[in-house]
Amino acid sequence: MPELAEVFFHSSHWKAACGERFDVAWFHSQPRCCRELDAATLVASIDSAQLLSGYTHGKRMLFAFSGNRFLEVHLGMTGSLHRLQPDHEELKHDHLALRSSRSLLVFRDPRQFGRLALHETDDGELPGWWKDLPPQPHDRAFTRKRFHLLLQRRDKAIVKSLLLQQELFPGVGNWMADEILWRARLKPDRRLGTLKDAERNALFKELRWVCREALRIIGKDYSDPPKQWLFTHRWRDGGICPVSGVPLRRDTIGGRTTCWSPEVQL
DNA sequence: GAGCCTGTTCGGGC
DNA sequence: GGCCCGAACAGGCT
C-alpha cells in the first residue's frame, strides 16, 4: 500500500544498506515496471558501486550510488523493497536484486505498476529535476499561502480528485485523501468552489497533520494508526465511523474507491 | 469464477 | 485550457 509513509518505510530497508558495495544479482527487463531500464547499462552503472544514500519524495524514491549514478524507484500499486540475506532465493516477482557481502536488496512488484529508472549526473549532485520537485505537504516550505494558491482557479475540481494530484500534494494516496477529508469534515465530492474559508483552512490543517502523523507512525515501523483513525475502518464494507458510530459509506468518487462518513462529512 | 483494488497515464469529451 | 471519466496495465486476494 505504498503512499507517502509506506514509501518512506520501504526506502528505509534499502537505506539500511548504505555504505555497502553492490553487484547486480539479477535483473529481469521484461516486466512492464522494468522496461525503461536497459540491462547492460544497469550492470555497467551499478556493478561494484557503493550505495551512498536514499531519498524519498512523495511516492518516489531515489538511491544514490557511487559513480554519480541514481536509481529511481516508484512502487506503483504493489511494489515493495526488501533487504534480505545475501543468499536469499529469488521469488516469482523479484524483478531486480542487488547483492553485497551482507545484503540482498530486492525490488518486488507482482502487478508491475511500479517503475525503475536510472539517472546520472556530472558531479554526483542530486538530479535537477529531483531538486525541483514541489514541496510535500509535511515540508516546511508547504505553507498555508502556497496551499491557498494551489486551490485557486480550480473551482470545478472535486476535492478528493484534487488531493490525489501528485504534482500538488506529493505522496497523498487514496487512503490518505479519505483520512484527510474525514478529519476536515468535508464530503469527498465537494467542488472546490463551494469551500468556505474555514473549510479550506481545515483541509490545510488536516492535510499536514495526516502526512506528518502517517510518517511518524507508519513510516517508522509500518504500524497501523490508532483505532480513532478512519484508516482502520475503511477497507471493507460494514465499517463504522469511529466518531459518529454510524456506518461508513463506500462510493466511487473521482474514479477511486472512497470511504466517508455521511453524518460527519458535509 | 467474478469482482475488487492503496497508482499512473492516456484518450475522449464537456 | 482545465478537469472529468473510463480504460488499460497484471496479478493476488476475497
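Reckoned from all heavy atoms, side chains included, excluding hydrogens, waters and symmetry mates. Letters go in sequence order (proteins before strands), and every chain restarts at 1.
Between A:K156 and B:dC14 there is no side-chain polar atom (N or O) within less than 4.0 angstrom of OP1 or OP2. Note on A:R256: every side-chain N or O is 4.0 Å or more away from OP1 and OP2 of B:dC5.
Remark: A:F9 engages A:S12, A:H13, A:Y222 in a side chain to side chain contact (heavy atoms under 4.5 Å, CB included) (not counting sequence neighbours). For A:A17, the side chain to side chain contact (heavy atoms under 4.5 Å, CB included) test picks out A:E20, A:F22, A:L51, A:R83, A:S103, A:L105, with sequence neighbours left out. Every residue meeting the salt bridge (charged side-chain N to carboxylate O under 4.0 Å, His left out) condition with A:D178, not counting sequence neighbours, appears here in chain and number order: A:K160, A:R234. Among residues two or more places apart in sequence or in another chain, the salt bridge (charged side-chain N to carboxylate O under 4.0 Å, His left out) test is passed with A:E120 by A:R69.
A salt bridge does not link A:K59 with A:E6: every distance from a Lys NZ or Arg NE/NH1/NH2 to an Asp or Glu carboxylate oxygen is 4.0 Å or more.
Secondary-structure stems of DNA chain B, taken as three or more successive Watson-Crick or G-U wobble pairs (i with j, i+1 with j-1) under a 3.5 Å distance threshold, comprise B:2-5 with C:11-14, B:7-14 with C:2-9.
Under the salt bridge (charged side-chain N to carboxylate O under 4.0 Å, His left out) criterion, the residue pairs touching residues 235-255 of chain A are A:D237-A:R250, A:R249-A:D251, with sequence neighbours excluded.
Residue-level contact check: A:R154 touches the backbone only, with heavy atoms under 4.0 Å from sugar-phosphate atoms and none from bases. Within 4.0 Å (heavy atoms only), A:G254 reaches sugar-phosphate atoms of the nucleic acid but no base atom.
For A:A157, the side-chain atoms get nearest to C:dC3 when compared with the rest of C:dG12, B:dC5, C:dC3.
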